[in-house]
Amino acid sequence: MAHVSFKSKEVDSVPRWSEYLTAEESSPSASASWRATSVDGPASGGQRHLQMEPVVQLSKVAEGLLAKMYRLNSILDYPDPNTHTFSDAFWKAGVMPNFPKICTTLSKKFPEHPNKLQLEKVDKFALDALNENAEGYMRNLEQWVMLLLDLLEFREQVLRLILDLSSTVITLLPHQNSLILHAFMDLICSFVRVNLFSDKIPRKMILQVYNILHIMLKGGRDWEFYNRLVQFVDSYDPPVKGLHEDLNFVSPRIGEVLEAVGPIIFLSTDTKKLRNEGFLSPFHPRYPDILTNSAHPMRAQDLANVTSYREWVLLGYLVCPDELLRVTSIDVAMVVLKENLVLPLFRDEYILLHENYQHYVLPKVLESKRMAKSGRTKQKESDMEYNIAKQVEKMLTEVHEQALVACDAIHHERRILLKQEVGRMVLFFTDQPSLLAPNIQMVFSALALAQCEVVWYFQHVGIASSKSTRGRTVDIDATDPTIGFILDGMGKLCCLVRKYIAAIKGYALSYLSSCAGRIRFLLGTPGMVALDLDATLKGLFQQVLHCLENIPKTQGENVPAITCDLTDLRKHWLSILMIVTSSRSSINIRHLEKATVSTGKEGLVSEGNAAYSWSRCVDELESQLSKHGSLKKLYFYHQHLTTVFRNTMFGPEGRPQHCCAWLGAACSFPECASAIIPEEVNKIGRDSISYVESLIESIMGGLEGLINILDAEGGFGSLEMQLSPEQAALRLNNATRVKAVPGLLAPGNESYPDNSSSVKMLEAAMQRLTSLCSVLNDMEPICVLNHVFVLREYMRDCIIGNFRRRFHNIIRTDNCLQRPSIIESLLRRHLSIIHLAEQHISMDLTEGIREVLLAESFTGLFSNLQVFDRPVETNGGGSAIEIICNWYIENIVRDASRTGVVFDATHNCFRSSQPIGGGYLAESFTDKRELKALVRLFGGYGIDRMDKMLKEHTSALLNCIDSALRSNRDALEGLAGSVNSGDRIERDANLKQIIDIETLADFCIQAGQAITFRELLVEAVGAVLEEKVPLIYSLLKGLTTQLPDEVPDKHEIIRLRRVASSVGVGDKHDAEWVHSILAEYNSANDNSWILLPYLCSAFMVSNMWSSAVYDVNTGGFSNNLHCLARCISAVVGGSEYTRIAKEQRMNSLSNGHTDELQEPELLSRASAESNIKSAMQLYVKLSAGIVLESWNNTSRPHIVPKLIFLDQLCELSPYLPRSTLEAHIPYTILRSIYHQLYGASQMASEQMDPSPRQSPLISLAHASPSARPNRPDTTPRSHTFESGYHSSSGSQHDGGYEADRRTGDRQLQSMRRSGPLDYGASRKAKFVEGSSSGSHGSGSLQRFAVSRSGPLSYK
């Protein structure tokens, strides 16, 4: 059975508190000196001297008791025992039995004995259940009953110690005996806080329930300490009443202390005096030449303790209300009460200050007022006491309202002062670090005041007046930017102290060395000799001198390497103080001061106290810095901290660079954990890490916001807005009119001061961005337990991640893809912002940006360039290029959205009749400028991915052609035979037997679109390469002319040809590409592909010609039939290359790999090209025959597109000379067709623009072609059309074949060289056998005026 034995513990000895003191042993604070302090040997007169070790120990015990009560309070979900309000979580916590009726009754009827309460009438079932499980319930309550016992014993020991101190210490003044004063008052405040906090735990319920459980288990006997605890709890119900009675004997001493600290409190509240007299400035404000603040160093040092003084006042007058009747106490109390609403107890627990003063202090004052009025004392004293009591009553009744109105303004003014003073201090000591050490006490004072203000702000956030013990919370006022400034200043001051810790240490050692001589001099003065010190004091003074004189010298040595432990010095000095401040000693502190003050210098006690203080700057500087500058208390307000941070850092008055201070506060959060509560370490650690992560998320979100603000259209985007000349002229014309057009601003409007807000916004955002990046880059890593946060890495990930998200966002608009040129422009703008930030960051962000772009482009190895045995992981990359490629394939190549995408041969791009997805027209994505931007964005990997997807799409279409060849082989063979025999009827019959000709034609048109788009892409790649890396481009260009003509090529030669083809180097790109597809997918494996020309000729009887309309503006057909011509040429050429390569491999295998070689002409590519030429000529011959022989009334409307189609085929195919079609179709027919088409177009344009002045090309079009000089085109060009070739075509083209496409200013761009195509390309010369016309006649009329190879004259 769980049973608590109080006898097992030593009541009056230290071992009872061993649990509370274990964690204290490692604390590097001044208590180490107190613990080691004792007076050895007999004291003078046989008197027992003061012992301070129990004082420090009991203060530590108080911390442990508060931590335990705090833990119990949180477990029980913060109950309210006074109103008996308990939540469901209270009963489910496992501490109290879950029987609310019985437990609440026991608490309400306290201190009545449980046996007298007739609990069976309250809840008989619960009482029986309590009896059955009494042992388990008792075990749950055991540790908390022990807590009550500890509170009881703590009270008894503290009261005995306070009585001993108050009756022994002769003086407790800050300027005489500050060390013992602080220990004494800290003990009293700890005692008061413990007892005030005990009212928040259900003491009555715990005691009563535990006793009834003990009665059930022990046969009706009460617990042995029950009666003592009942008396203790009852006497402290409420706690303030018990404190009044217990501390009544020490009340006068407390009143003296509070009066003595009043001047320092007044000084701390007088912001004007602090600022004007420079208490927190390293130089005098009225005398700037005086760099060290020597006017009032002790006052500046005392300001470091003003937080403790305020706490003494608040607690002291609450438990000793009679001391308010002193004359000077009213002002001291009013100043402190007016600036506070709550009285902090422990961590974030508090009681409402003014309500408690109203309930417990005011009645005492009224009682004193009645006693004075009754005249129990002398009349004069009675009147004075009555008047003072009346003033105190008035002050207490009015100060509450004053505090509600003025406390926030008071502290706000103080925060502004500290913001200015701490900021100046940081700047000064950064510039003059040598003055930091002499003014270190002033730095500690500034840190202490700043710490007090920050903690006060978060303690009072959301507090309002209420009778509830926990107060009523309101909305958080998180708009004060001064908090960030103060935190930042505190952080920088602490960094400066740590940076120059060696200098501070060296200065302190020098001071202590000089102090040794002064103390030795004072000990030898006549007054000290006359005192006749006893042996104990003499020995202690000699030990102090020994410690001071043996301090290592700093001259010529490395100060950081000096290790000096001055604990013994402090121990001996404290021993001296405990002797001379004791009333039992024959020599006290007043004797020492009088004996040494006559020298005109500091007295002996003052010198010793100064030496004690400076000694702590040698070996305890970090602990002092932690005491005054630590913000660990903010852990308990970290949720408010996060809210205020988010509302102020990026606010109008906030500074993003303050974020480091908000983060740095978390490093000290784990110090709040109490070793007596093991689970607190993990909880506080987790909360601290979560706080840091939350703040980092907010900081990075702010960083992204700044970048995005600059990247928005209202940011850098507004600087990119430029007017075209036409827009500028329009605005100038409208500005000169009397009545301006609404919506058009006058020139220079942007320069007016009233309109400069956007520029100011940009400047502010840029400044914030650069300063934030600089601060995050320079910030030291944040260490929270075993977690290390490196802000520089978070910043890099944030910028790179934001760039990745921005990249994905700008790729697409609402319903469509963004134009590549706009994507490139937006990315360049974003990169300029990143480069701006990169100047303030010591890392390479450009490398990260390249990694992102590579990751978004890379989906696999580069075809034909990178060959590895092991597959390369893509890690899910390439999402951006996948979006781009899929969109182009679906909307441009396949035209899945049915927007009427056709290839415009005039301008070398695809066009659509309506916007794609409600966005842009197809030409906005496929002209050369856009494709070049696409190449620059995604590089080789992205374009290679596009090529692979085009190959996959085209391969599926080629498989359809292969299937059609196999399924229609008999009909195609019959068609071939009929062509050879000239049997027209048999030919027509075989043509009708070919199945699915319409579907196959549609597939071939799609393949032609893919081939055409790939050709445009290749041209863009070549143009970008030639612009960016001209040496590599020229190398590939020269290499293609040196490649061998063997068939089949070696593997390395194949790779070289394909690489050259992919960048637009060489010719016959289409056939090479189709050849690579057939070879890669192992297609065209049988001889049925020989029949391909016959299958293609069957398209001439397809129904697709009925919907084919030739457009002179695009140089193509409305249903993209001109892409069919490119498909036929490429597929015939590619299949022939594949067939010959396969035959050569089979022949090589059949010969057994002997040394016998085939005929050289069979191994050359020239033979393959000759076969391709024959196949194409066969196709033209067969198709022309089908077209001309089917010329009847029903098919006559369709013959025009067919003839134009064959003409375009001869122009497009590199394997066909122009004489091929001339042998089958007279050019007189073609010339007549083109005259009709272009003449109609020209007449339509003349009706739209009747004035020749507005369209100079109209008159040019009517000029006689014979009057134009013949300018032969001797420069070979590609068989594809570049978008810029028309720039000089105005003087070369026949007006009959030209038309004004849309408006007069674009007629020059729409002129063609010879009807829809250019007939003057010199590349045709090599195919015209016996003719020299390939290098003549770059104009179209010259082609018709002089026959190139035909027997007829077309003059």
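Predicted, not measured: the structure shown is a model, and the values here were computed from it.
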Would you be so kind as to tabulate the donor-acceptor pairs closer than 3.5 Å made by side chains of residues 91-103, with sequence neighbours excluded?
none

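Under a 4.0 Å N-O distance rule, the pair D237/K204 qualifies as a salt bridge. Salt bridge annotation for R228-E156: present, with a cationic side-chain nitrogen under 4.0 angstrom from a carboxylate oxygen. E679 and K683 are not joined by a salt bridge, as no carboxylate oxygen comes within less than 4.0 angstrom of a charged side-chain nitrogen. For R326 and D322, the salt-bridge test fails: no basic side-chain N is under 4.0 Å from an acidic carboxylate O. A salt bridge is defined here as a Lys NZ or Arg NE, NH1 or NH2 lying under 4.0 Å from an Asp or Glu carboxylate O, and R253 with E323 fails to meet this definition. Under the 4.0 Å criterion applied to side-chain N and carboxylate O atoms, K68 and E19 are assigned as salt-bridge partners.
Proximity of a side-chain donor or acceptor of D123 to a complementary backbone N or O of L119 within less than 3.5 Å is not detected. S582 places no side-chain N or O within 3.5 Å of a backbone atom of M578 that could act as its donor or acceptor partner. Counting only distance, with no hydrogens or angles, the side chain of H411 and the backbone of Y457 share no donor-acceptor pair below 3.5 Å. Within the 3.5 Å criterion, the main-chain N or O of T104 finds no donor-acceptor partner in the side chain of S107. Within the 3.5 Å criterion, the main-chain N or O of K627 finds no donor-acceptor partner in the side chain of S630. Judged purely by atom type and a 3.5 angstrom limit, T168 has no side-chain atom pairing as donor or acceptor with the backbone of L165. Although no hydrogens or angles enter the test, the distance criterion places no donor-acceptor pair under 3.5 Å between the side chain of R203 and the main chain of L148. Judged purely by atom type and a 3.5 angstrom limit, Y70 has no side-chain atom pairing as donor or acceptor with the backbone of E349.
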What's the verdict on side-chain contact (heavy atoms from CB on, under 4.5 Å) for T269 and V336, showing C-alpha distance, side-chain angles and the deciding distance? CA-CA 9 Å; T269 58; V336 181; over 6 Å; no

Working note: R193 + E63, criterion salt bridge (Lys or Arg N to Asp or Glu O under 4.0 Å); need CA distance, chi angles, decisive distance, verdict. CA-CA 10 Å; R193 288 200 307 269; E63 292 292 320; 3.7 Å; yes

Show, in sequence, the C-alpha distance, side-chain angles and deciding distance for N356 and L343, and conclude whether the side-chain contact (heavy atoms from CB on, under 4.5 Å) test is met. CA-CA 9 Å; N356 280 274; L343 178 57; over 6 Å; no

Walk me through whether I264 and N305 qualify under side-chain contact (heavy atoms from CB on, under 4.5 Å). CA-CA 9 Å; I264 301 299; N305 301 317; over 6 Å; no

Residues M138, L217; criterion side-chain contact (heavy atoms from CB on, under 4.5 Å); working and verdict: CA-CA 10 Å; M138 194 171 181; L217 292 173; 3.4 Å; yes

For a salt bridge (Lys or Arg N to Asp or Glu O under 4.0 Å) check, start with the C-alpha distance between R139 and E135, then their side-chain angles and the critical distance, and finish with the verdict. CA-CA 6 Å; R139 187 182 302 111; E135 186 174 351; 3.6 Å; yes

Please walk me through it: do D80 and T83 pass side chain to side chain donor-acceptor pair (under 3.5 Å)? CA-CA 6 Å; D80 189 355; T83 60; 2.9 Å; yes

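A side-chain donor from one of Q118 and K121 sits under 3.5 Å from a side-chain acceptor of the other. Side chain to side chain, Y635 and D687 meet the donor-acceptor criterion of an N or O pair below 3.5 Å. Side chain to side chain, Y226 and Q208 meet the donor-acceptor criterion of an N or O pair below 3.5 Å. Checked by atom type, the side-chain pair Y317/S329 shows a donor-acceptor distance below 3.5 Å. Judged by distance alone, the side chains of S674 and R71 never bring a donor and an acceptor atom under 3.5 Å apart. The closest side-chain donor-acceptor pair between N340 and W456 falls under 3.5 angstrom. Side chains of E153 and W17: a donor-acceptor N/O pair is absent below 3.5 angstrom, by distance only. Judged purely by distance below 3.5 Å, without hydrogens or angles, the side chains of S87 and D77 pair a donor atom with an acceptor atom.
Using cut-offs of 30° and 60° for the angle between ring planes, the H354 and H400 rings count as parallel.
The shortest distance between side-chain heavy atoms of F458 and K633 does not fall below 4.5 Å. At least one side-chain heavy atom of S166 sits less than 4.5 Å from a side-chain heavy atom of F249. Q391 has its side chain out of reach of K394: every pair of non-hydrogen atoms, C-beta onward, lies at least 4.5 Å apart. Side chains of Y137 and E142 form no contact here, defined as non-hydrogen atoms less than 4.5 Å apart. Residues F154 and L58 form a side-chain contact, since some pair of their non-hydrogen atoms from C-beta on lies under 4.5 Å apart. By the 4.5 Å heavy-atom criterion applied to side chains, V61 and V194 are not counted as neighbours.
Separating the CD1 atom in I254 from the CG atom in L247 is a distance of 5.5 Å, to the nearest 0.5 Å. From Q143, atom CD reaches atom CG of L72 across 8.0 Å, with rounding to the nearest 0.5 Å. One distance of note links OH of Y20 with CG of D150; it measures 3.5 Å at 0.5 Å rounding. To the nearest 0.5 Å, atom CG of residue N211 and atom CG of residue L141 are 11.5 Å apart. Taking CE from M69 and OG from S74, the interatomic distance works out to 12.5 Å, rounded to the nearest 0.5 Å.
The local environment of NZ in K369 is crowded, with over 12 non-hydrogen atoms from other residues, nucleotides or ligands closer than 6.0 Å. The number of heavy-atom neighbours closer than 6.0 Å to CD of E256, taken from other residues, nucleotides and ligands shown, is above 12.
Considering V55, I162, V169 in turn, I162 is the only one that fulfils the side-chain contact (heavy atoms from CB on, under 4.5 Å) rule with F184. Of the residues K241, H244, E355, the one that meets the side-chain contact (heavy atoms from CB on, under 4.5 Å) test with Y360 is H244.
When all heavy atoms of L324 and V392 are compared, the pair lying nearest together is O-CG2, 3.3 Å. When every heavy atom of P79 is checked against every heavy atom of F86, the shortest pair comes out as CB-CD2, 3.6 Å. Of all the heavy atoms in P239 and D199, the pair that sits closest is CG-CB, 3.3 Å. In terms of heavy-atom proximity, R347 sits nearest to C672 at NH2-O, 3.0 Å. The heavy-atom pair separating V342 from Q459 by the smallest distance is CG2-O, 4.4 Å. The shortest heavy-atom contact between L318 and V240 is O-CG1, 4.0 Å.
Listed by chain and residue number, W312 satisfy the side chain to side chain contact (heavy atoms under 4.5 Å, CB included) test with S308 (two or more places apart in sequence, or in another chain). Considering only residues two or more places apart in sequence or on other chains, S178 meets the side chain to side chain contact (heavy atoms under 4.5 Å, CB included) condition with H182.
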